[in-house]
Amino acid sequence: MSVSMPGSQTNPESGVVGSGGATAPLLAADGRPLKVSLRRAMFKNKARALLLVSPLLIFLFVAFVMPIFSMLTRSVESNEVITLLPNTAMAVQAWDGEGLPDELTFAALAGDLKQGQIDRNLGRVASRLNYEYSGMRSTITGTARRITNLENPESWKETLIDINSNWADTGVWRVIKRESSGYTLSYYLAAMDMRYDEEGKIVRQPETRRVYVDLMIKTLWMSILITFMCFILGYPVAFLLASLPLSTSNLLMMMVLLPFWTSLLVRTTSWIAILQSQGVLNNILVAIGVVDDNNRLQLIYNQIGTIVAMTHILLPFMILPLYSVMKSISPSYMRAARSMGATGYTAFRRVYFPQTLPGIGAGAILVFILAIGYYITPALVGGESGRFITNFIAYHMQVSLNWGLAAAIASILLGAVIMLYLLYNRIVGSDNLKLG
Amino acid sequence: METPTNTDRKGKKKSFVVFDSVQKTYDGESLVVKNFNLDMDQGEFITLLGPSGSGKTTCLMMMAGFEVPTHGQILLDGVPITRLPPHKRGIGMVFQNYALFPHMTVAENLAFPLQVRNMNKSDVTAKVKRALSMVRLDNFGDRRPAQLSGGQQQRVAVARALVFEPELVLMDEPLGALDKNLREEMQFEIKHIHDQLGVSMIYVTHDQSEALTMSDRIAVFDDGIVQQLASPEALYEAPENAFVASFIGENNAFVGDVLELSEQEASVKLPTGQVVRALPVNVSGKGQKSTLSLRPERVVINPEPGTQPNILDAVVHEVIYMGDHLRTRFSVAGNDNFIVKTPNSFGVSRHKAGDKITVGWNVSDCRALDA
């Protein structure tokens, strides 16, 4: 802050009072310690700076920090049992997890179910427990319906087991006990293709139900591939941009930025027009005889489609940081290297390229982070095999309404990106990052 | 210069660098370098001096191989190098902003030219060490260029240009970014290195005092043409045209018409009517316009009548105290910017603004040049 602040300057004589003793704190002219004076002098500046950015800070807090916090909470939250079956949740705590709970617990359950039936809110807890133990939905709703008019039978335990034999299953009670703490790991387990087995131990999902880990790995390597493609395609363009005369490079820059001025949907659908089996590219290939008409290439609705379209969309994010770094590299470095006897290639490899590394780092991390969280393009052109993990997050948000699982997957994605960034920071160093 | 053998007594090669009617244009419309001829001996220190845009840097870049002459030839040690790529020329070069590689340490910078020559590691280390001690930076090998001061970076750049032992070193305004004191110190340092190693140097600058201190010969550039190629002394004492006279050192100039012209003397009539007697250098005949050039330290103040061939009335405008000398600005024969330097020695009378006195000078100190 270089704003001059009339009225807040420190006394020009401050600091000269130091009485020779090196240990005594320096005093300002008015006798206050110099550090306090400095803090006071700087306070107004700092306050003003804070005031200026406060709208942004508030916006970020409301629109960014709070949603992330809410997502993280939701991914571990499980308050259905504790709020909708409160007496059961309390009673089951006394149970040691072996055999069946005592009569009191069964009575508490019956009471909770009756109350739930009156309040008509058993659906939530039923479907929540159904994620953990299939069949629980009908067990709970069925039982609740049957006991509504039942008053104090001899034994709730026997009555309930009579109504539904699931209540005699230790596993059911273990699930209820586990879920009555208010928090659960089960969303994260599901997101990592794991689950609790009957004994409550964590095991992997059966082979046929493993989805997310493979998908996450696929998302990861496709993002890496897209980043790499952007680098390969973007580096020469950035080099041209930085070295051509201004009029030519301005034109080229317009062409680089042109995609930014076009809607993402337009760009993605135009790739469909180009790549589909009756599309422009296939027609050309058939026309020149490279591909047989009956054997057209499948270039879209698979991984190829996702990679091609996303490379195109994310290319500017690689080119721009590279360009800004290359622009700052004086041509005299290459000349110096050449004058010292290096061939053009050696000069490039040993002098030019290393100096562009901050740009490569910035571009790569930008493209990678954008790619790993991309949603629309893979959804439109990815088909079955080109889908990203984000498409499953959206599925659980919108279709299956399992928000806890969606939040857990998203949190894992967030964690993975942060981990990769830290790793990158450790290897490359964030001060070697030049975003422009 | 024309000798039958190609080496002089010390074994130094004659005509080590030759520019033979070199021309250069960038746009095909105007010539940046119009007709450059240079014959440089081995071990010589030649400075290309001129205002910016005069073509001096272009000449250096053609020598280094970064620009190709549009016409003419450049020879290095008798071999035409006009089409040779820069990395095969073996010419050391110091750049304007040093061009030290920021991602390498000082030692790695110095090792670079040796490594690209595939020199073995122990030789590289030894040579780097020697080069560092030559520029008195022995303990700075592990630092990055950004951690060095301007003067230290400058010395590293010089060391890097010399470490692979080129016979010719080019310097493109290498001291431009330094402050005045450091610049003067570095001038001597570069001069000493030149004397010690005996390398040939071509040095580009727009700073005339730098050129005068360091060079064996100076080529004064203007408008793509070498106005004069001579030793510093000859340039200052005997400029051949008005541009050189005004560009090198301080200069009082009058423009007038030539009345009389002989071998030894030209009489020039100033617009105010006075007639000045001067040494004819670059005038061809009577009736022509001529610029008279007179160095400020050659003017005598208040001469006895008859002791000087030229005596004119003068009005003092201001006296500037410079410490070791006084700088007095007069109005003489319509020239309001007539400067006289007088050493600040004992008994020198100081004038005040408005004083009316006379100034005088010798015929041989006043050179009649082109208009």
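Below, all heavy atoms of this structure are taken into account, side chains as well, without hydrogens, waters or symmetry copies. Lettering follows sequence order; numbering is per chain, from 1.
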Handout entry: Tyr203(B) versus Glu173(B), side-chain donor and acceptor atoms under 3.5 Å
Key =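 Looking only at side-chain atoms, Tyr203(B) and Glu173(B) do not form any donor-acceptor pair under 3.5 Å.
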Problem - Pair Ser122(B), Thr125(B): side-chain N/O donor-acceptor within cut-off below 3.5 Å - result: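 On atom types as modelled, these side chains do not qualify, holding no pair under 3.5 Å.
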Handout entry: Contacting region of Thr343(A) [heavy-atom separation from chain B under 4.5 Å]
Key =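 For Thr343(A), backbone and side chain are both near chain B.
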Exercise for the section: Before giving the answer on side chain to side chain contact (heavy atoms under 4.5 Å, CB included), spell out for Thr311(A) and Ile307(A) the whole-Å C-alpha distance, their side-chain angles and the decisive distance to 0.1 Å. Expected result: CA-CA 6 Å; Thr311(A) 302; Ile307(A) 289 168; 3.9 Å; yes
Practice task
Apply ring pair (Phe, Tyr, Trp, His ring centres under 6.0 Å) to Phe368(A) and Tyr421(A), showing your working.
Solution key: CA-CA 10 Å; Phe368(A) 178 78; Tyr421(A) 176 75; over 10 Å; no
Under 4.5 Å, counting heavy-atom pairs only, tell me which of [options] racks up the most with chain A.
options	result
Met104(B), Arg89(B), Gln96(B)	Met104(B)
Pro102(B), Gly90(B), Ala64(B), Gly92(B)	Pro102(B)
Pro85(B), Ala99(B), Gly65(B)	Ala99(B)

Practice task
Kindly say whether the aromatic ring centers of Tyr333(A) and Tyr352(A) come within a distance under 6.0 Å.
Solution key: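 Ring centroids of Tyr333(A) and Tyr352(A) are no less than 6.0 Å from each other.
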For [Y], does its backbone N or O pair with a side-chain atom of [X] as donor and acceptor, under 3.5 Å?
X	Y	result
Lys24(B)	Val33(B)	no
Thr25(B)	Ser30(B)	yes
Glu210(B)	His206(B)	no
Thr47(B)	Leu49(B)	no

Practice task
Against chain B, work out which of Ala342(A), Gly344(A), Ala337(A) has the most heavy-atom pairs shorter than 4.5 Å and name it.
Solution key: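 Ranked by contacts with chain B, first place is Ala342(A).
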Problem - Any residue meeting side chain to side chain contact (heavy atoms under 4.5 Å, CB included) with Val417(A), in chain and number order, not counting sequence neighbours - result: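 Partners of Val417(A) under the side chain to side chain contact (heavy atoms under 4.5 Å, CB included) test: Ile369(A), Ile372(A).
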Identify every side-chain donor-acceptor pair in residues 223-233 of chain A under 3.5 Å, counting partners at least two apart or on other chains, and give the distances.
{"from": "Ser223(A)", "atom 1": "OG", "to": "Thr219(A)", "atom 2": "O", "distance (Å)": "2.8"}
{"from": "Thr227(A)", "atom 1": "OG1", "to": "Ser223(A)", "atom 2": "O", "distance (Å)": "2.6"}

Handout entry: Part of Leu100(B) lying under 4.5 Å from any heavy atom of chain A
Key =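 Backbone only.
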Handout entry: Other residues, nucleotides, ligands: >12 heavy atoms within 6.0 Å of Tyr26(B) OH
Key =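 Yes, enclosed.
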Practice task
Report, by ascending residue number, the residues of residues 139-172 of chain B in heavy-atom contact with chain A at a distance under 4.5 Å; give 'none' if the set is empty.
Solution key: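 Contacts with chain A: Arg160(B), Phe164(B).
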Exercise for the section: Report, by ascending residue number, the residues of residues 235-248 of chain A in heavy-atom contact with chain B at a distance under 4.5 Å; give 'none' if the set is empty. Expected result: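 Interface residues of residues 235-248 of chain A: none, nothing closer than 4.5 Å to chain B.
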